[in-house]
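Heads up: the structure comes next, in structure tokens.
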Amino acid sequence: MNHKNILALALAGLMSAPVFAQETPAVGELLEGINMFTPEEGAPAYKVKANEKYGTQWAVDMAYGYWHSKRSHYGMNNNANLFLIHAQLNQRLIEDSVNGGTWLRAEFSGSWGLDKSSARSGTLFSDGYGDVNGVHADIYGTRDGVIPELALMHYFAGKRACIIAGMVNLTNYFDAVGPANDSFASFTNGGFINSSVLALPDANLGAVVQVELNRESYAMLGFSREVAGYRQNPFKSGSGYLLVGEYGRTLLDGAAIIRINPFFRHVEDVDGHCNNYGIAASIEYEVCDELTVFARAGWGARQELGNAFDFSCGANVKLIPSREDDFLGVAFGVFKGCTPAENNREFVAEAMYSFQVNDYIKIVPHIQYISKPAYDAEHSDELLTGVQAVFSF
């Protein structure tokens with residue numbers, strides 16, 4: 001999913017490489033940076049919209065993507081032509097300049113195959129990689145359009161606290177590492193978008209409570225049920241749920257940010273129920289204007305829905321000083337499954353380049369190398385190449 005963080009730009013959703021503010025933030029700016037996705041003036045694809053004075057923020061990413069698998073699994077297509085879209089809306093319902101007001105948050109994501117082969121979900125090449133790390137975090141299927149979030153957001157305590165409740169997408173708030181949190185303009189492999197240990201749900205009933213502890217740190221607590229899928233009623237009864245927290249702190253005058261995410265998950269299925277718990281952490285650091293680095297790590301006990309361990313790291317590098325909106329991204333990750341099998345580790349490496357054509361269009365080629373995809377030792381490695389033409393508004 002796409003995200004923004006105006007203070008540290010740690011949620012870099014519709015933007016290119018993040019740029020960190022080098023001054024003390026105003027009261028409430030940390031929370032606004034997490035919840036509001038309109039980029040700062042001067043960033044690509046940003047124009048001051050007249051309707052913003054009425055409390056309307058919106059952003060749309062559309063992409064054409066072509067993907068090729070050199071060693072596709074048996075029965076899977078080698079190629080995929082896809083159209084993808086991701087749209088967000090923040091609409092102010094009640095204005096309150098002191099506390100921040102009450103807002104409606106809505107989100108839509110979709111992906112569709114553009115030819116007969118790609119439109120057959122049962123033969124799409126990405127199906128051969130199982131549920132470990134999808135080759136594109138925003139590919140829900142080949143004929144799918146979903147609403148991951150539809151919720152109310154209310155600020156209070158002088159903009160120092162906020163609550164979001166309704167059908168909530170937890171990936172919009174937790175573990176949002178800026179250089180690796182946007183599958184349209186940065187890395188696409190799901191292992192780099194969010195922690196595979198946390199396995200954050202979306203499109204489920206839930207709530208998020210946020211508190212700005214001081215000008216440099218914040219805390220969040222999120223709750224979400226996990227019983228509904230994209231085609232199921234979120235009001236359907238069930239008992240699976242996730243509790244997740246986050247403590248975030250900016251360092252070095254906003255050039256770095258750390259996040260710590262403890263979680264507790266209750267899962268019920270036909271075999272009974274179990275309680276899972278664990279912790280994830282991340283750090284990102286803008287070394288200089290040309291280089292931003294990041295790292296993630298997570299551990300989970302008795303996992304049922306996520307991995308037992310993961311570690312990933314990477315960097316965004318601006319190679320051409322005259323093209324400050326372009327950047328090269330490189331990332332590597334290791335992911336350990338929850339079963340004690342002999343081959344329960346998957347290794348992923350990805351490289352991409354974001355070429356900003358103008359304020360609204362970017363071309364993003366990708367290459368991925370996956371060792372033991374979906375922990376399948378019979379298919380020891382996969383090489384995927386692809387390119388996206390991304391249109392941002």
Side-chain angles (χ1 to χ4, degrees), residues 1-5 11 13-14 28 30-38 51 54-61 85-96 99-110 137-138 140 144-157 159-176 181 193-194 198-212 218-246 248 261 263-266 305:
M1 299 303 170
N2 304 47
H3 315 285
K4 291 288 181 294
N5 191 318
L11 317 182
L14 303 176
L30 279 170
L31 300 187
E32 285 185 353
I34 295 171
N35 302 329
M36 305 300 185
F37 47 78
T38 301
N51 58 359
Y54 301 109
T56 303
Q57 294 183 338
W58 62 271
V60 178
D61 274 349
I85 186 170
H86 180 262
Q88 289 180 290
L89 170 70
N90 281 344
Q91 177 59 57
R92 189 177 62 221
L93 303 178
I94 302 175
E95 185 174 3
D96 185 343
N99 293 301
T102 302
W103 299 71
L104 171 70
R105 284 180 60 87
E107 185 178 16
F108 176 78
S109 289
D138 275 286
Y140 292 91
D144 283 341
V146 302
I147 300 177
E149 181 160 274
L150 187 61
L152 289 176
M153 176 172 64
H154 178 67
Y155 286 93
F156 56 99
K159 300 182 182 180
R160 293 188 299 272
C162 182
I163 183 169
I164 303 105
M167 190 165 70
V168 176
N169 179 0
L170 291 188
T171 69
N172 283 339
Y173 310 100
F174 295 88
D175 183 46
N181 200 225
I193 305 301
N194 286 108
L198 283 175
L200 297 166
D202 54 16
N204 277 267
L205 292 178
V208 178
V209 178
Q210 305 168 323
V211 178
E212 189 176 285
Y218 66 89
M220 294 192 296
L221 179 65
F223 167 83
S224 177
R225 296 171 65 187
E226 297 189 279
V227 295
Y230 292 125
R231 295 182 178 86
Q232 295 178 318
N233 186 345
F235 294 94
K236 184 179 179 181
S237 61
S239 57
Y241 64 86
L242 170 71
L243 283 171
V244 58
E246 178 166 302
N261 298 101
F263 70 90
F264 175 86
R265 172 178 278 114
H266 178 80
L305 298 178

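We're numbering straight along the sequence, starting at 1.
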*Evaluate the criterion side-chain contact (heavy atoms from CB on, under 4.5 Å) for residue pair Ile164 and Gln210; output intermediate values, then yes/no.*
CA-CA 9 Å; Ile164 303 105; Gln210 305 168 323; 3.7 Å; yes

*Specify the closest pair of heavy atoms between Met167 and Ala151, including all atoms of both residues, with the distance to one decimal.*
O-CB, 3.9 Å

*Shortest non-hydrogen separation from Leu31 to Tyr155 and the atoms involved*: O-OH, 4.0 Å

*Of all residues at least two apart in sequence or in a different chain, which pass the side-chain contact (heavy atoms from CB on, under 4.5 Å) check with Asn99?*
Asp96

_Side chain Asn204, main chain Asp202, donor-acceptor under 3.5 Å_ = yes

*Report yes or no: does Arg265 contribute a side-chain atom to a donor-acceptor pair with the main-chain N or O of Leu198 at less than 3.5 Å?*
yes

*List for me each residue that meets salt bridge (charged side-chain N to carboxylate O under 4.0 Å, His left out) alongside Glu246, sequence neighbours excluded, and say none if there are none.*
Arg259

*Please step through side-chain contact (heavy atoms from CB on, under 4.5 Å) for the pair Val168 and Leu205, ending with a clear verdict.*
CA-CA 6 Å; Val168 176; Leu205 292 178; over 6 Å; no

*Excluding sequence neighbours, so at least two apart, what forms salt bridge (charged side-chain N to carboxylate O under 4.0 Å, His left out) with Arg92?*
Glu95

*Should Glu32 and Glu212 be marked as a side-chain contact (heavy atoms from CB on, under 4.5 Å) after you check the CA-CA gap, both sets of side-chain angles, and the distance that decides it?*
CA-CA 10 Å; Glu32 285 185 353; Glu212 189 176 285; over 6 Å; no

*Where does the angle between the aromatic ring planes of Phe264 and Tyr241 fall among parallel (under 30°), tilted (30 to 60°) and perpendicular (over 60°)?*
tilted

*Reference residue Arg105; test side-chain hydrogen bond (donor to acceptor under 3.5 Å, both in side chains); the match among Asn169, Asn35, Asn90*: Asn90

*Check Ala106 against Leu150 and note the closest heavy-atom contact, atom names and distance.*
CB-CD1, 3.9 Å

*Closest non-hydrogen atom pair, Ser109 against His86*: OG-CD2, 2.8 Å

*Mind listing the closest non-hydrogen atom pair of Phe108 and Val146 along with its distance?*
CD1-O, 3.2 Å

